[in-house]
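This report refers to the structure that appears directly beneath it.
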Amino acid sequence: MTALRPSHPHPAPLTELVAGLGLSGDTDSETLIHDITLDSRDAVPGSLWVALPGRGAHGASYAGPALRCGVSAILTDRDGAAVLGDVGVPVCISDVLRKDMGEVAARVFGHPAGKMLTMGVTGTNGKTTTVALLEAALASAGRRIGTIGTIGFRLDGENLPSARSTVTTPESPDLQALLAVMAERGADTVALEVSSHAMVLERVTGTVLDVSGFLNLGMDHMDFHGDQENYFEAKAGLFTPEHTRAAVCWVDDEHGARIAERARRAGLRVVTVGSSDDVDVQLIDWQPVKPLGGRASIRLHGRPVALEIALPGRHNMIDATLALAMAECVGVPVDDALVGLRSAQVPGRMQLLELTSDAPSVIIDFAHTPQAVAASLDALAQSFEHVITVLGCGGDRDREKRPRMGLAAAERSDLLVVTDDNPRTEDPATIRRAMLSGITSARGEVVEVAGRRRAIEHALTVATADSVVAILGKGHEHGQQIGHDVIDFDDGVEARRAWFTITEGRPR
């Protein structure tokens, strides 16, 4: 599968595409460019190939495949240019390569974000849910909306198959191409998740969003950012005139309040969302609706509004309130948005799995931070008295959050099954021990079961019809990374298979 590209490109001279960026090298070439790519294997005549520095080797070392494919020009840094030497095509040299790559990518594809309404969402937890809620709210108002994020790319509710360069926010060449594809296919609105990695790595450079929303800042990605303040600054970087025109911030989170104040000083329109009386959009009283839903009273710029959603938990109601505030900020009729929010569902986010009538309830959720685990299990406790949790932690990532995740789950579960997530290159037993080390108190029993398939089977075996089995951490994912290999693995598929085995293919 290749990355999506518009079907009607508009070639432009290389010299126009790099004008004013301060590049050196062959910046006056009239070579026509209609595509930009990071993958040397995808280079074709008319492509600008970007050679980035890597951890082990510079991307310029892989110029051979790009040149054999007929790439028309190369963009790299000074180290890359030294590796390349004379390759027979124009080479442009940047001192801020990722930033310039984003700007050039936007130019190659004709600044597609400017042709649509664009909305971005950032935060440690809830980005995917909020984007899906925006999709439902805006579709209900008659907008043709595309979405970009962790669970894939969609337009008008249909998946857009495409290769991916990242987990959440695509690298700038693929992001700009995807925006161009959506515009070409009739989208008038795009909502995208903006990760902290995307901000540090300049993936949204070249795009000024019409509105950006901030949800929260928890503990995540310390392996990348180093500390919490760097993580905050990465998120906060979205709320500048360079990247957005308006900021909608959940200010009950102190980081949201800091961002709102910064955005206001920078001259952005700011909409504050929270539970206090002094905010623009106030979440007043949330109440659970069994089995999995909620309702709340909202004061929206002084107007009383009744908000209902089909997702459980106050954290999902916060996401919905932010989505409503963002939609209203860009002129979407509130009543239309409310209709869409009422029935919105999100794959792999508090997703109810249908089994047999006498089966336990099974919930699939992506919760993979201490805060998200706590929020998901607190939400389920509103509807279920007996909670069984299956949880692991990813390898090669954020070792510090493992004990906290274990404790958050143990304190909220009648049975916690500690198991494996994506161990990657780490020893799964070591990861499980780290989770168990943090469990200084527990509401119920805690067991360790190696192997995620066996853990799901164990949970369903001991569950009763009155139980809820919460399988957390992987959500929508269809694979499990063990070592350097990714095997087929889907929590929902595995749960159905386990239940079939337990009941021997017959309803009990």
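Computed from a predicted model, the values in this text were never measured in an experiment.
Contact annotation: the side chain of Leu472 never approaches that of Ile363 to less than 4.5 Å [non-hydrogen atoms, C-beta and beyond]. In this structure, Thr244 and Val208 have side chains that are not in contact, with every pair of non-hydrogen atoms separated by 4.5 Å or more. At least one side-chain heavy atom of Val211 sits less than 4.5 Å from a side-chain heavy atom of Met326. Taking 4.5 Å as the limit, some side-chain heavy atom of His243 sits within range of a side-chain heavy atom of Met199. At a threshold of 4.5 Å between non-hydrogen side-chain atoms, the residues Leu192 and Val121 do not count as touching. Side-chain contact between Asn422 and Glu477: present, with at least one pair of heavy atoms (C-beta onward) separated by less than 4.5 Å. With contacts defined as side-chain heavy-atom distances shorter than 4.5 Å, the pair Pro360/Leu460 qualifies. Residues Val279 and Val281 fail the side-chain proximity criterion, which asks for heavy atoms closer than 4.5 Å.
The residue from Asp420, Asp421, Asp427 that alone fulfils the salt bridge (charged side-chain N to carboxylate O under 4.0 Å, His left out) condition with Arg432 is Asp420. Tested against Asp491, the residues Arg452, Arg496, Lys474, Arg453 include a single side-chain hydrogen bond (donor to acceptor under 3.5 Å, both in side chains) partner, Arg452. With Thr272 as reference, Asp280 is the one residue of Val248, Asp252, Asp280 to meet the side-chain contact (heavy atoms from CB on, under 4.5 Å) rule.
The pair Arg433-Glu426 fails the salt-bridge criterion, with no side-chain N (NZ, NE, NH1 or NH2) lying under 4.0 Å from an Asp/Glu carboxylate O. The pair Glu457-Arg454 fails the salt-bridge criterion, with no side-chain N (NZ, NE, NH1 or NH2) lying under 4.0 Å from an Asp/Glu carboxylate O. Comment: Asp188 does not engage Arg144 in a salt bridge, judged by the lack of any side-chain N to carboxylate O separation of less than 4.0 angstrom.
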> Do Ile318 and Thr321 pass the side-chain contact (heavy atoms from CB on, under 4.5 Å) test, and can you show the C-alpha distance, the side-chain angles, and the key distance before you say yes or no?
Replying inline: CA-CA 5 Å; Ile318 291 171; Thr321 305; 5.7 Å; no

>> Between Ser467 and Val387, is the side-chain contact (heavy atoms from CB on, under 4.5 Å) condition met? List the steps.
In response: CA-CA 6 Å; Ser467 303; Val387 178; over 6 Å; no

> So Thr356 and Asp358, side-chain hydrogen bond (donor to acceptor under 3.5 Å, both in side chains) or not? Walk me through it.
Replying inline: CA-CA 6 Å; Thr356 56; Asp358 60 347; 2.9 Å; yes

> Can Glu193 and Thr128 be said to form a side-chain hydrogen bond (donor to acceptor under 3.5 Å, both in side chains), step by step?
Replying inline: CA-CA 7 Å; Glu193 299 177 44; Thr128 299; 2.8 Å; yes

> Given Thr389 and Ser413, is the side-chain hydrogen bond (donor to acceptor under 3.5 Å, both in side chains) satisfied, shown in steps?
Replying inline: CA-CA 6 Å; Thr389 304; Ser413 304; 2.7 Å; yes

>> Show, in sequence, the C-alpha distance, side-chain angles and deciding distance for Thr166 and Glu171, and conclude whether the side-chain hydrogen bond (donor to acceptor under 3.5 Å, both in side chains) test is met.
In response: CA-CA 7 Å; Thr166 66; Glu171 292 283 11; over 6 Å; no

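In this structure, CG on Leu324 lies 12.0 Å from OG1 on Thr130, to the nearest 0.5 angstrom. To the nearest 0.5 Å, atoms CE (Met119) and CD1 (Ile145) are separated by 7.0 Å. Here the CD1-CG distance, from Ile388 to Leu380, works out to 12.0 Å after rounding to the nearest 0.5 Å. Separation of atoms CZ (Arg349) and CG (Leu311) is listed at 11.5 Å; rounding is to 0.5 Å. How far CD1 of Ile148 is from CD1 of Ile151: 12.5 Å, rounded to the nearest 0.5 Å. Annotation: the span from Asp319 atom CG to Asn216 atom CG amounts to 7.5 Å, rounded to 0.5 Å.
The nearest pair of heavy atoms linking Gly218 to Thr124 is N-OG1, 2.7 Å. Considering every non-hydrogen atom in both Leu391 and Ala367, the closest pair reads CD1-O, 4.3 Å. Between Glu233 and Arg258, the shortest heavy-atom contact is OE2-NH2, 4.3 Å. Across all their heavy atoms, Leu416 and Ala409 have their closest contact at CD1-CB, 3.7 Å. Taking all atoms of both residues into account, the shortest heavy-atom contact from Ile431 to Pro423 is CD1-CA, 4.0 Å.
Looking only at atom types and distance, the side chain of Thr189 has a donor-acceptor partner in the side chain of Arg143 under 3.5 Å away. Under the 3.5 Å distance criterion, with hydrogens and angles disregarded, no donor-acceptor pair is assigned to the side chains of Gln282 and Ser275. Remark: the His197 side chain and the Arg203 side chain contain no N/O donor-acceptor pair separated by less than 3.5 Å. Looking at Thr419 and Glu448, their side chains never bring a donor and an acceptor atom within 3.5 Å of each other. No hydrogens or angles considered: a donor-acceptor pair under 3.5 Å links the side chains of Ser276 and Asp278. Between the side chains of Asp396 and Thr425, at least one donor N or O lies within less than 3.5 Å of an accepting N or O. Residues Asp365 and Gln351 bring no donor and acceptor atom of their side chains to less than 3.5 Å of each other. Looking at Asn125 and Thr369, their side chains do bring a donor and an acceptor atom within 3.5 Å of each other. No side-chain N or O of Ser196 forms a donor-acceptor pair with one of Lys235 less than 3.5 Å apart.
Under a 3.5 Å cut-off, the side chain of Thr169 and the backbone N or O of Ser195 do form a donor-acceptor pair. In this structure, Asp174 contributes its side chain and Pro170 its backbone to no donor-acceptor pair below 3.5 Å. A donor-acceptor pair is defined here as one N or O able to donate and one able to accept, closer than 3.5 Å; such a pair exists between the side chain of Thr118 and the backbone of Asp210. Using modelled atom types, one side-chain atom of Asp490 and one backbone atom of Val493 make a donor-acceptor pair closer than 3.5 Å.
Counting non-hydrogen atoms of neighbouring residues, nucleotides and ligands closer than 6.0 angstrom, the CD atom of Glu229 exceeds 12 such neighbours. Counting non-hydrogen atoms of other residues, nucleotides and ligands closer than 6.0 Å to CG of Asp285 gives a total above 12.
Ring centers of Phe489 and His478: at least 6.0 Å apart, outside the cut-off. If you look at His386 and Phe384, their ring centroids are not closer than 6.0 Å.
Taking the six-membered ring where tryptophan is involved, the planes of His476 and Phe366 are tilted, since the angle between them lies from 30° to 60°.
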